[in-house]
K.L.:
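Got a structure for you, questions after.
As the structure is a computational prediction, the values presented were derived from the model and not from experiment.
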Amino acid sequence: MSSLRKSLYLTAALVAVSLVPVSANAETILGAMAKAYENNPDINAARAGLRATDEGVAIAKSGYRPVITATASASRTQTEPGGLDLKVQTNAASAGVSFTQSLFDGFQTRNNVRAAKSNVFGGQQDLLNTEMTILASAAQIYANVVRDDQIVRVRQQNLQFLREQRNAAQARFDVGEGTRTDIALAQAQLESARAALLSAQAQYKSSVAVYKQIIGTLPKNLNRPVPAHKVLPSSVTNAVQIGLREHPTILSAQYTVDAAGFNVKSVEGTMLPGVSLSGSVTHSSGGTNVSSIGASLTVPIYQGGLASAQVRQAKETLGQARILVDSARRQVEQNIVTDWATLEASIASITANQAQVRAAQLALKGVVEERKVGQSTTLDVLETQSNVLSAQEDLAQSQRDAVVASYSLLNSMGRLTVKRLSLKVAQYRPQQHYNAVKDKWIGLRTPDGR
């Protein structure tokens with residue numbers, strides 16, 4: 001077992017021991033992430049965008065299918081022969097149906113379909129990336145709310161302690177054992193603590209607002225989270241290998257390369273001959289029926305340089321897409337290494353801060369006792385209490401950082417998913433909509449009935 005994994009388990013155990021009993025309906029970090037997955041509008045918007053991308057395949061496949069058009073016309077013609085008081089009217093009407101069917105278009109349709117499919121598969125990876133980003137944001141704001149609530153409680157306790165110290169200084173002064181300076185120091189510290197508490201409460205309210213935005217509900221009875229140690233790899237090397245293999249940003253970039261390659265072939269197809277079949281049937285008011293059918297061959301010779309420029313442009317776009325794959329790989333690797341280092345530092349900080357809290361609390365007890373016998377001053381007590389407060393807030397921050405870093409690491413690896421986390425929520429399956437629309441020939445309603 002790696003040192004990081006050992007530290008994660010130890011940290012989870014220490015945090016669990018420090019927890020007070022929670023009710024059965026306490027909100028967990030995974031429960032909040034499930035709510036975000038189901039209700040977050042950004043995820044729902046990304047899903048709608050992917051459904052629109054799915055239709056690109058049906059649009060591309062229309063190039064294989066015939067185009068059928070119905071026409072109708074009616075006319076009235078009136079003539080007046082010269083020198084004769086006579087008008088002649090002629091009525092005419094006709095109706096017909098015509099069709100055009102492409103037989104060969106330089107493989108443009110085939111490559112357009114392949115490009116559209118690659119765009120769909122890339123879009124599915126983009127959707128997964130969006131889902132993971134929102135889940136990471138949900139984990140972060142959950143940890144932020146827990147941290148801010150903890151800091152509010154710590155500062156409330158600090159305020160109560162300083163109020164007692166101010167009253168004690170006043171009592172000692174009243175019996176002639178203290179000075180006005182002791183009272184002034186205690187009062188100044190008390191007022192500073194009030195301001196600090198108001199600041200902490202404002203920060204908590206701000207985090208609650210963000211929580212409502214991302215999760216969709218107000219936080220209530222939140223359970224203190226622990227790092228996601230169960231789904232993390234044993235080493236940073238394994239984490240990087242997983243990320244380079246599975247992260248949707250990289251997979252999406254690879255599908256973009258595929259789509260750009262097919263687009264090059266499609267544009268090159270505009271320079272090849274085209275063959276089409278057409279026919280029509282027309283019935284006129286005079287009882288005449290006319291039908292025709294024929295095939296045409298089109299051979300492009302010179303297009304003013306348009307096709308050549310479009311091919312060059314498509315090839316440059318393909319080159320850009322290939323470079324972006326390398327960029328995505330480097331970004332994923334950098335994110336993983338950074339998150340791993342942050343997680344290690346946070347775990348170490350938790351252990352150090354817990355020791356600091358214990359030492360500061362012990363020192364405070366000693367200074368209070370020393371003041372009773374005149375060996376310490378009120379200033380010593382106030383300074384030691386300030387150390388206790390700082391240590392408690394640092395501990396809350398490091399606990400929050402460890403949780404956020406663990407879920408951020410999963411996000412950087414491409415594994416912050418519903419399946420990996422076993423979230424209790426129905427997983428959205430984009431393949432179902434794609435399968436429902438990719439071969440549709442007709443119909444205005446979407447699969448959900450709109």
K.L.:
Would you check if Met413 and Arg420 make a side-chain contact, meaning some heavy-atom pair closer than 4.5 Å?
P.N.:
no
K.L.:
Let me confirm one number: the CG-CG distance from Asn44 to Asn39, rounded to the nearest 0.5 Å.
P.N.:
7.5 Å
K.L.:
Determine whether Tyr407 and Leu421 satisfy the following criterion, side-chain contact (heavy atoms from CB on, under 4.5 Å), listing intermediate values before the conclusion.
P.N.:
CA-CA 10 Å; Tyr407 285 101; Leu421 298 176; 4.3 Å; yes
K.L.:
Do Ser94 and Ser73 have a side chain donor and acceptor closer than 3.5 Å?
P.N.:
yes
K.L.:
So which atom in Leu162 and which in Ala193 form the shortest heavy-atom distance, rounded to 0.1 Å?
P.N.:
CD1-CB, 3.5 Å
K.L.:
Does any N or O in the side chain of Asn263 come within less than 3.5 Å of the main-chain N or O of Ala259, such that one atom is a donor and the other an acceptor?
P.N.:
no
K.L.:
Under 4.5 Å between any side-chain heavy atoms of Ile68 and Val97, yes or no?
P.N.:
yes
K.L.:
Could you check whether any side-chain heavy atom of Tyr302 comes within less than 4.5 Å of a side-chain heavy atom of Ser308, counting everything from C-beta outward?
P.N.:
no
K.L.:
Main chain of Asp394, side chain of Asn353: is a donor-acceptor contact present, judged purely on distance under 3.5 Å?
P.N.:
yes
K.L.:
Does a sphere of radius 6.0 Å around NZ in Lys212 hold more than 12 heavy atoms from other residues, nucleotides or ligands, not counting ones at 6.0 Å or beyond?
P.N.:
no
K.L.:
For the pair Tyr211 and Leu222, evaluate side-chain contact (heavy atoms from CB on, under 4.5 Å) and give the outcome as yes or no after the intermediate values.
P.N.:
CA-CA 12 Å; Tyr211 186 100; Leu222 301 187; 3.7 Å; yes
K.L.:
Apply the test salt bridge (Lys or Arg N to Asp or Glu O under 4.0 Å) to residues Glu393 and Arg155: give CA-CA distance (whole Å), side-chain angles for both, the deciding distance (0.1 Å), then the verdict.
P.N.:
CA-CA 9 Å; Glu393 293 186 1; Arg155 292 188 181 181; 2.6 Å; yes
K.L.:
Check whether any side-chain N or O of Ser398 sits under 3.5 Å from a backbone N or O of Leu395 as a donor-acceptor pair, and report yes or no.
P.N.:
yes
K.L.:
Is there side-chain contact between Asp258 and Tyr255, with at least one heavy-atom pair below 4.5 Å?
P.N.:
yes
K.L.:
Do Thr28 and Asn223 have a side chain donor and acceptor closer than 3.5 Å?
P.N.:
no
K.L.:
Judged by modelled atom types alone, do Gln334 and Gln331 share a side-chain donor-acceptor pair under 3.5 Å?
P.N.:
yes
K.L.:
Work out which heavy atom in Gly294 is nearest to a heavy atom in Leu277; give both atom names and the distance.
P.N.:
O-CD1, 3.2 Å
K.L.:
Centre of Tyr37's six-membered ring, under 6.0 Å away, within 45 degrees of the axis: is that where NZ or CZ of Arg47 sits?
P.N.:
yes
K.L.:
Got a salt bridge between Arg153 and Asp149, using NZ or NE/NH1/NH2 to carboxylate O under 4.0 Å?
P.N.:
yes
K.L.:
Which pair of non-hydrogen atoms, one from Met271 and one from Val311, has the smallest distance, and what is that distance?
P.N.:
SD-CG2, 4.2 Å
K.L.:
Test Asp54 against Arg51 for salt bridge (Lys or Arg N to Asp or Glu O under 4.0 Å), laying out the working first.
P.N.:
CA-CA 5 Å; Asp54 290 344; Arg51 291 193 294 270; over 6 Å; no
K.L.:
Report the distance from atom CG of Leu244 to atom CZ of Arg330, rounding to the nearest 0.5 Å.
P.N.:
12.0 Å
K.L.:
Please test Val154 against Leu389 for side-chain contact (heavy atoms from CB on, under 4.5 Å), starting from the C-alpha separation and ending with a verdict.
P.N.:
CA-CA 7 Å; Val154 166; Leu389 177 64; 3.3 Å; yes
K.L.:
Rounded to the nearest 0.5 Å, how far apart are CD of Gln392 and CD of Gln356?
P.N.:
10.0 Å
K.L.:
If you count the non-hydrogen atoms of other residues, nucleotides and ligands that lie under 6.0 Å from NZ in Lys315, is the total more than 12?
P.N.:
no
K.L.:
So Glu164 and Gln160, do their side chains get closer than 4.5 Å, heavy atoms only?
P.N.:
yes
K.L.:
What are the two closest non-hydrogen atoms of Asn40 and Gln213, and how far apart are they?
P.N.:
ND2-O, 4.0 Å
K.L.:
Between Ala136 and Asn411, which heavy-atom pair has the shortest distance, and what is it?
P.N.:
CB-ND2, 3.9 Å
K.L.:
CD/Gln385 to OG/Ser390 distance, rounded to the nearest 0.5 angstrom?
P.N.:
9.5 Å
K.L.:
Can you give me every donor-acceptor pair (side chain of residues 107-114, partner residue at least two apart or in another chain, under 3.5 Å) with its distance?
P.N.:
| from | atom 1 | to | atom 2 | distance (Å) |
| --- | --- | --- | --- | --- |
| Gln108 | NE2 | Asp105 | O | 2.9 |
| Thr109 | OG1 | Asp105 | OD2 | 2.5 |
| Asn111 | ND2 | Phe107 | O | 2.9 |
| Asn112 | OD1 | Ser266 | OG | 2.6 |
| Asn112 | ND2 | Gln108 | O | 3.2 |

K.L.:
Do Ser292 and Ser280 have a side chain donor and acceptor closer than 3.5 Å?
P.N.:
yes
K.L.:
What do you reckon, is NZ of Lys438 surrounded by more than 12 foreign heavy atoms closer than 6.0 Å?
P.N.:
yes
K.L.:
Answer yes if the side chains of Glu316 and Gln320 hold a donor-acceptor pair under 3.5 Å, and no otherwise.
P.N.:
no
K.L.:
Hey, is the main chain of Thr249 close enough, under 3.5 Å, to the side chain of Ser252 for a donor-acceptor pair?
P.N.:
no
K.L.:
Could you measure the distance from the CD atom of Gln397 to the OG atom of Ser349? Nearest 0.5 Å is fine.
P.N.:
10.0 Å
K.L.:
Should Asp339 and Ser412 be marked as a side-chain hydrogen bond (donor to acceptor under 3.5 Å, both in side chains) after you check the CA-CA gap, both sets of side-chain angles, and the distance that decides it?
P.N.:
CA-CA 8 Å; Asp339 290 337; Ser412 297; 2.5 Å; yes
K.L.:
Side chains of Met33 and Leu423: does their closest heavy-atom pair fall under 4.5 Å?
P.N.:
yes
K.L.:
Under the criterion salt bridge (Lys or Arg N to Asp or Glu O under 4.0 Å), I'd like the reasoning laid out for Glu27 against Lys220: C-alpha separation, chi angles, the key distance, then a yes or no.
P.N.:
CA-CA 7 Å; Glu27 182 75 279; Lys220 183 179 180 181; over 6 Å; no
K.L.:
Within the distance-only criterion (no hydrogens, no angle test), does the side chain of Ser207 pair as donor or acceptor with the backbone N or O of Gln203 below 3.5 angstrom?
P.N.:
yes
K.L.:
Decide whether Ser98 and Thr69 meet the rule of one side-chain donor and one side-chain acceptor closer than 3.5 Å.
P.N.:
no
K.L.:
Above 12 or not: heavy atoms from other molecules or residues under 6.0 Å from CD of Gln431?
P.N.:
yes
K.L.:
Would you give the length of the straight line joining atom CG of Leu272 to atom CD of Glu268, rounded to the nearest 0.5 angstrom?
P.N.:
8.0 Å
K.L.:
Do Lys117 and Tyr434 pass the side-chain contact (heavy atoms from CB on, under 4.5 Å) test, and can you show the C-alpha distance, the side-chain angles, and the key distance before you say yes or no?
P.N.:
CA-CA 10 Å; Lys117 289 181 177 180; Tyr434 171 69; 3.5 Å; yes
K.L.:
Taking side chain as C-beta onward, heavy atoms only, is Asn129 less than 4.5 Å from Met132?
P.N.:
yes
K.L.:
Taking salt bridge (Lys or Arg N to Asp or Glu O under 4.0 Å) as the test, write out the residues that go with Asp148, two or more places apart.
P.N.:
none
K.L.:
Which heavy atom of Val281 sits nearest to which heavy atom of Ser291, and what is that distance?
P.N.:
CG2-CB, 4.0 Å
K.L.:
Check whether any side-chain heavy atom of Phe262 lies under 4.5 Å from a side-chain heavy atom of Val257, and answer yes or no.
P.N.:
no
K.L.:
Is atom CZ of Arg65 surrounded by more than 12 heavy atoms (other residues, nucleotides or ligands) closer than 6.0 Å?
P.N.:
yes
